[in-house]
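Data first, discussion second: the structure below is written as structure tokens.
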Amino acid sequence: ADLNNINVVAGKELRLALNAKLGIAGSVQLNGNGLLNATSNNPTTVEFNGNANQSIPAQSYEVFSITNGHTKTALGNVVVVLQSADGSSG
């Protein structure tokens, strides 16, 4: 799925399905203890693909990629579980 903005409310979780690919063109708001779960159903891919500057939530990602240039700023520690040099898993 390709989305613009994601807003996860406090106490809720957005969990990616097995083999899911989530493209994020806008912002990710994790309110309170809201969670973007990108590692429970491996493999999953999260791609920050906005055509503007983006902030990347501090968390773990299974496969992670950044496309379309512009400044991408990590908001803390970002852990990538599986990533190859060409952007594919494996």
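- Rounding to the nearest 0.5 Å places CD1 of Ile56 at 5.0 Å from CZ of Phe48.
- Rounding to the nearest 0.5 Å places CG of Leu30 at 15.0 Å from NZ of Lys12.
- The number of heavy-atom neighbours closer than 6.0 Å to CG of Asn77, taken from other residues, nucleotides and ligands shown, is 12 or below.
- Put simply, the side chain of Val63 does not reach to within 4.5 Å of the side chain of Thr44, judged on heavy atoms.
- Side-chain atoms of Val78 and Tyr61, non-hydrogen and from C-beta on, do get closer than 4.5 Å to each other.
- Contact of the Asn37 side chain with the Leu14 side chain is not registered, since no non-hydrogen atoms from C-beta on lie closer than 4.5 Å.
- With sequence neighbours excluded, the residues that form a side-chain contact (heavy atoms from CB on, under 4.5 Å) with Asn5 are Ser27.
- In this structure, the side chain of Asn41 engages the main chain of Leu16 through a donor-acceptor pair within 3.5 Å.
- For Gln29, there are no side-chain hydrogen bond (donor to acceptor under 3.5 Å, both in side chains) partners, not counting sequence neighbours.
- Between Leu35 and Val8 the shortest side-chain heavy-atom distance does not fall below 4.5 Å.
- Ile66 approaches Lys72 most closely through the heavy-atom pair CG2-CG, 3.3 Å.
- For the residue pair Val80 and Phe64, the shortest heavy atom distance occurs at CG2-CB, 3.8 Å.
- Ser60 is linked by a side-chain hydrogen bond (donor to acceptor under 3.5 Å, both in side chains) to nothing, counting only residues two or more places apart in sequence or in another chain.
- Here the side chain of Asn49 pairs a donor or acceptor atom with the backbone of Ala25 at under 3.5 angstrom.
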Checklist entry - Does the side-chain hydrogen bond (donor to acceptor under 3.5 Å, both in side chains) test come out yes or no for Glu62 and Thr45, once each step is laid out? => result CA-CA 6 Å; Glu62 178 69 17; Thr45 300; over 6 Å; no
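- Within the 3.5 Å criterion, the main-chain N or O of Gly11 finds a donor-acceptor partner in the side chain of Asn33.
- Side chain of Lys21 to backbone of Asp2: no donor-acceptor contact under 3.5 angstrom is found.
- Under the 3.5 Å distance criterion, the side-chain polar atoms of Gln54 are left unmatched by any main-chain donor or acceptor of Ala74.
- Taking CZ of Arg15 as the start and OG1 of Thr39 as the end, the distance is 9.0 Å to the nearest 0.5 Å.
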Item to check | Audit row: Glu47, Leu22, side chain to side chain contact (heavy atoms under 4.5 Å, CB included) steps and yes/no | outcome: CA-CA 6 Å; Glu47 176 183 28; Leu22 176 62; over 6 Å; no
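- The hydrophobic clustering, which links ILVMFWY residues whose side-chain heavy atoms are closer than 4.5 Å, places Leu3 and Val28 together.
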